[in-house]
Peer 1: 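I have a structure here, written as structure tokens, and I will follow up with some questions on it.
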Amino acid sequence: MARLSIICIGLILFVTVWSSSLNIEGSSKRVLVLLDNLAIRETHSFYFKQLRDREFDLTYKSSDDSNLQLVKYGEYIYDHIILFAPGTKEFGGRLDAEILTQFVDAGGNVLVAGSHIIGDAIREFAGECGIEFADDKNAVIDHLNYDVNDNGQHTLIIASPDNLLASELITGEAKKVGLPFLFRGIGMSSDSENSLLLDVLTGSSSSYTANPDEKTLTEYPTTVGKRTLLVSVLQARNNARVGFVGSLDFFSNDFFQSPIQSNDGKKSAKSGNEELAIALTDWVFKQRGVLRARNIRHYLKQDKTTPSFYTIKNDLVFNVQFDEFVHGKWMPFNGTDVQLEFVRIDPFVRTTMKNNGGQLEAQFRVPDTYGIYKFIIDYNRIGYTHLFSATQVSVHPLRHTEYERFITSAYPYYISSFSMMVGAFLLSFIVLYHRDEMPKTKVE
Amino acid sequence: MSQLGQVIGILRKLNDEYQISTPKKLKLIDAYLVYVLLTGIIQFIYCLLVGTFPFNSFLSGFISTVGCFILAASLRIQLNTTNRSTFNVTPERAFADFVFAHIILHLVVINFIG
């Protein structure tokens with residue numbers, strides 16, 4: 001009886017441990033949604049429903065909730081954050097711009113939405129990421145591309161899919177489908193030389209960011225033309241992603257569903273907002289465009305063994321498996337432009353790897369110089385995480401027994417040396433045993 | 001023209017004198033020296049034509065011929081009875097030196113020929 005109860009308890013413990021560890025993939029879907037106005041849950045319900053359908057675990061909190069915390073017992077309790085609280089001057093609880101930045105440094109992803117009024121906390125966090133929002137009360141204005149439902153200030157603008165980044169990983173089918181987008185909010189600007197920022201959606205060349213209540217502009221607008229960023233993303237060096245969308249209304253049910261009629265009569269039954277919003281959220285929350293490399297192997301071509309060191313002029317083969325995370329599963333990566341470098345301070349060999357169903361392979365000859373080399377793969381493409389892998393090997397020079405023996409072109413030298421030896425041997429016989437004839441004495 | 005005729009005359013006289021007055025043993029050593037010289041020249045021409053790829057082999061072969069030439073020439077000098085005034089060594093001593101030097105030479109040549 002006692003034995004049975006012990007077995008039962010053991011089984012229950014085992015099952016609980018097993019089930020909690022089963023959630024490894026699923027546990028990276030905990031999302032904290034910060035709202036400054038809880039009515040957003042209803043006005044943006046289609047967006048949140050789509051996220052829940054994708055098995056994201058949403059926790060709604062008010063941005064000034066005094067119980068806010070990201071860290072509990074030393075671990076992050078959320079993997080992603082949605083900030084739909086543009087007016088927040090200060091977050092409640094244990095959250096502020098610096099803690100958000102630390103969250104991104106730890107690998108967390110953040111999606112931020114803006115509006116006509118941006119609070120200091122959001123501005124500070126955006127500044128850390130290299131994005132500058134325009135001043136309060138500014139809006140993106142476009143007198144040539146606005147919707148007819150606009151209130152007269154031309155702030156409800158229509159963004160064309162021509163201004164959308166051509167990356168299917170980040171924007172999904174939005175560019176192919178070609179529906180225009182509705183946008184009402186604030187514009188952003190960024191340093192154009194920042195290589196980590198991507199302009200996903202920009203305004204048209206007739207758009208600018210200014211205060212719509214001013215009848216005449218007193219100073220140069222914060223952003224003009226195509227440098228008006230409507231949607232921008234940052235992929236940090238640790239591959240954490242932060243997305244900035246200048247309009248909270250971009251995600252609203254209204255904008256998802258309303259038909260578009262532009263000021264010059266072009267009509268569209270539906271906007272492309274839903275498609276872009278969901279694709280962008282998928283990308284920012286690492287459901288697309290994540291790469292990993294595993295199973296790195298290198299071996300000699302002739303006998304497929306991996307020696308502890310290579311020798312110069314060996315033929316070797318390098319093999320690595322690349323996977324891409326697509327729709328919740330790791331699939332084999334099918335890119336054909338991954339390069340492998342064999343580097344000893346400078347790259348001696350640089351080849352493109354052949355892709356065989358996710359198995360990348362490169363073959364080359366070790367250069368004629370010995371030293372410590374690294375196999376370096378440095379793959380950095382728009383929409384994918386930056387993948388860097390370095391494997392160190394040593395290359396030895398030829399041992400004294402590994403040089404060529406009996407070189408054909410040196411046979412004359414070999415023959416002459418041996419003939420010299422034979423000749424000297426024969427000469428020694430002559431010198432020792434030859435007797436000069438005595439001159440005959442003439443007897444006269 | 002007459003100068004060329006004079007040179008030819010001198011050379012002919014040298015050759016006649018050589019044939020008469022040198023002992024047979026020394027003439028045999030001279031023949032050996034000519035053979036070694038030819039081998040060396042042929043090797044050098046071969047290297048000029050084909051290139052210096054196994055340079056150590058070329059050096060080894062060439063130095064072998066040069067060394068043998070020098071050793072045989074010094075043996076001839078020491079064995080020549082007319083040189084008794086400057087080189088007062090017994091023929092046995094000369095031959096022993098010759099053999100000892102040859103052993104060292106060929107050891108080095110085989111080591112370096114690769």
Peer 1: Drop me the distance from A:Met420's CE to B:Thr39's OG1, to the nearest 0.5 angstrom.
Peer 2: 3.5 Å
Peer 1: Checking heavy atoms, do the side chain of B:Val109, its backbone, both or neither come under 4.5 Å from chain A?
Peer 2: side chain
Peer 1: What pair of heavy atoms forms the shortest contact from A:Tyr413 to B:Gln43, and how long is it?
Peer 2: CD2-OE1, 3.2 Å
Peer 1: Where does B:Phe58 contact chain A at under 4.5 Å (heavy atoms): side chain, backbone, both or neither?
Peer 2: both
Peer 1: Give, as side chain, backbone, both or neither, the part of A:Leu426 having an atom under 4.5 angstrom from any heavy atom of chain B.
Peer 2: neither
Peer 1: Rounded to the nearest 0.5 Å, what separates atom CD in B:Glu92 from atom CG in A:Leu432?
Peer 2: 9.0 Å
Peer 1: At a 4.5 Å cut-off on heavy atoms, which part of A:Tyr414 comes close to chain B: side chain, backbone, both, or neither?
Peer 2: both
Peer 1: How many angstroms lie between CD1 in B:Ile113 and CZ in A:Phe406, if you round to the nearest 0.5 Å?
Peer 2: 10.5 Å
Peer 1: Testing the basics here: between B:Pro54 and A:Ala410, what is the closest heavy-atom pair and its distance to 0.1 Å?
Peer 2: CG-CB, 3.6 Å
Peer 1: We want to know whether B:Tyr35 and A:Ser419 form a side-chain donor-acceptor pair, criterion being a heavy-atom distance below 3.5 angstrom.
Peer 2: yes
Peer 1: Are A:Val431 and B:Phe98 close enough, and set up right, to give a side-chain contact (heavy atoms from CB on, under 4.5 Å), and what steps lead you there?
Peer 2: CA-CA 11 Å; A:Val431 165; B:Phe98 172 79; over 6 Å; no
Peer 1: Check each atom of B:Ile42 against the heavy atoms of chain A and say whether the ones under 4.5 Å are side chain, backbone, both or neither.
Peer 2: neither
Peer 1: Answer with side chain, backbone, both or neither: which region of B:Thr65 has an atom nearer than 4.5 Å to a non-hydrogen atom of chain A?
Peer 2: both
Peer 1: Starting at CG of B:Leu71, measure out to CG of A:Leu427 and round the result to the nearest 0.5 Å.
Peer 2: 10.5 Å
Peer 1: Drop me the distance from B:Leu75's CG to A:Ser428's OG, to the nearest 0.5 angstrom.
Peer 2: 10.0 Å
Peer 1: For chain A, find which of B:Gly67, B:Gly61, B:Ser57, B:Ser60 contributes the most heavy-atom pairs closer than 4.5 angstrom.
Peer 2: B:Ser57
Peer 1: What part of B:Ile63 is in contact with chain A, defined as an atom under 4.5 angstrom from a non-hydrogen atom: side chain, backbone, both or neither?
Peer 2: neither
Peer 1: Examine whether an atom of B:Leu105 lies under 4.5 Å from a heavy atom of chain A, and if so say whether it belongs to the side chain, the backbone or both; otherwise answer neither.
Peer 2: neither
Peer 1: Would you mind telling me which of B:Ala94, B:Ser64, B:Ala72 has the largest number of heavy-atom pairs within less than 4.5 Å of chain A?
Peer 2: B:Ser64
Peer 1: Say you draw a straight line from OG1 of A:Thr408 to CZ of B:Phe53; how long is it, rounded to the nearest 0.5 Å?
Peer 2: 9.5 Å
Peer 1: Is the count of non-hydrogen atoms from other residues, nucleotides or ligands lying under 6.0 Å from A:Arg294 atom CZ greater than 12?
Peer 2: yes
Peer 1: Are B:Tyr46 and A:Ser409 close enough, and set up right, to give a side-chain contact (heavy atoms from CB on, under 4.5 Å), and what steps lead you there?
Peer 2: CA-CA 10 Å; B:Tyr46 176 78; A:Ser409 70; 4.2 Å; yes
Peer 1: Heavy-atom count check: over 12 atoms from other residues, nucleotides or ligands less than 6.0 Å from A:Phe418 CZ?
Peer 2: no
